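See below for the structure under consideration.
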Amino acid sequence: MSNIHPKTSPIYQTSVFAFEDLNALETYFSEPGQSYMYTRYGNPNTDELAGKINALEQGVGAVVTSSGMSAILAAALAICKAGDHILCAEEIYGGSSALLSQELTRIGIEVTYVPMEEIYDLRQHVRPETKMLLAETMSNPLIQVLDVERLANAAKQQGIKLVIDNTFATPVLTQPLLLGADLVIHSITKYISGHSDVTAGVVVCSTESDLQRVLKVMMTYGLNLSPFEGWLAARGLKTLRLRMKQHSSNALTIANYLQQHPKVEKVWYPGLEEHPQHELAKTQGRGAFGGMLSFRIKDEAEAVNRFMRALKNIPFAPSLAGVDSSISYPAGTSHRSLSNELREKQGITAGVIRFSVGIEEAEELIADLEQALAEV
Ligand SMILES: Cc1ncc(COP(=O)(O)O)c(C=O)c1O
């Protein structure tokens, strides 16, 4: 059977690997990466996925995990212990802030949220026990763009690690490690896999010591990804570049359309010249702005309901970044766990809708939006 050379990797759907004898077991320990023992420690499918994402992000190595949340957890536990302190950008995915303030605080790790206007000057927030800053390249849901290089310099000055959630931008637009970040995480669930059929995450490291820590946390806490999901995500990843081009071009067309619509009060998209970080986004994203935008209609839940019900081909599905478009409602889903006060402060009001623009024909999407906005 040695003449079988599949073009696509087979799926190693096994929890364990057999050894020929004790010598083979010794080789497993003395020559890491040459053979496999137990899927929780490593599997060819998850290693293939990790290797491909690492190459795109240009790290020293990557560890894939069971979800984006477990990737953030692995990064935080790799760096911090009880008594340490984490800084986190105030505008961040609600699940990330819930993990930090509701769970990590229970095991003695403290967290402080840094307002976006103070994010490049960390002095007033850093303590002797501060170990890391968590921030998103493009924030969720209002798509603020952070200057990763400037942030990396600020973090270095304070002697803390910068962990960047690059889920919205993807390495096609921005490679945070090349701009000075220490670790990059992704919810692979989103653009990396791209087809809304996988839940997975990844931590990409810039140093061997961080990589070994993240690996240890992944193995010991059992945060590993399943072989089949690793295989599916690696398949999706093959079209990432193509997809990002189409997502970005569609989103720009739709942002322009929404902006001139009388029923739309505001549009957040970094590709629009009015966006406060438009120039930064253009340089940092190599001229592309991604597929995520948010817009506000009348600040009433019932207006949003009428709009959602009227859409024919764009479902309300509280996730993002699939090839098919979908809308979400940050105030009721991703940012539900925030206090009303914080949501209002961030501008996530009752009429804000997040639009994950897919790779369909832009005209078809606009036709659907047009008839649904008429119902508002
Ligand atoms: C920016 C961002 N980071 C992390 C996550 C968490 O990822 P997952 O749902 O794969 O655990 C999400 C989920 O929506 C996200 O939007």
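This one's a predicted model, so the numbers in the text were calculated from it and none came from an experiment. When reading the values below, keep in mind they use all heavy atoms of this one structure, side chains included, and skip hydrogens, waters and symmetry mates. In listed order, ligands and their atoms are each counted from 1.
- Pairs passing the ring-ring contact (aromatic ring centres under 6.0 Å, His included) check and including a residue from residues 38-57, sequence neighbours excluded, read Y38-Y41.
- The aromatic ring centroids of F295 and H261 lie 6.0 Å or more from each other.
- Taking every non-hydrogen atom of E136 and a distance limit under 4.0 Å, the qualifying atoms of ligand 1 come out as 1 (C).
- In this structure, the protein non-hydrogen atom closest to atom 8 (P) of ligand 1 is G68 N, 3.3 Å.
- Ionic pairing of R213 and D210 is not present here: no N-O contact between side-chain nitrogen and carboxylate oxygen is shorter than 4.0 angstrom.
- Atoms of ligand 1 lying under 4.0 Å from at least one heavy atom of M69, given by number and element, are 6 (C), 7 (O), 8 (P), 11 (O).
- Of the protein's non-hydrogen atoms, T189 OG1, 2.6 Å is the one closest to atom 10 (O) of ligand 1.
- Looking at ligand 1, you'll find an N or O of S187 within less than 3.5 Å of one of its N or O atoms.
- The single protein non-hydrogen atom nearest to atom 6 (C) of ligand 1 is Y93 CE2, 3.6 Å, given as residue, atom name and distance.
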Ring pair (Phe, Tyr, Trp, His ring centres under 6.0 Å) between F289 and H278: does it pass, once the steps are laid out?
-> CA-CA 9 Å; F289 303 95; H278 174 68; 5.4 Å; yes
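- Among protein heavy atoms, the minimum distance from atom 2 (C) of ligand 1 is reached at D165 OD2, 3.4 Å.
- Note: no N/O pair closer than 3.5 Å links L320 and ligand 1 by distance alone.
- Distances shorter than 4.0 angstrom occur between a heavy atom of K190 and an atom of ligand 1.
- Side-chain N/O atoms of Q246 and E360 include no donor and acceptor closer than 3.5 Å.
- The N140 neighbourhood of ligand 1 comprises atoms 16 (O), with distances under 4.0 Å to a heavy atom of that residue.
- Nearest heavy-atom pair across R243 and G236 is NH2-O, 2.8 Å.
- No N or O atom of S96 sits closer than 3.5 Å to an N or O atom of ligand 1.
- Salt-bridge annotation for R309 and E302: present, with a side-chain N of the basic residue lying under 4.0 Å from a carboxylate O of the acidic one.
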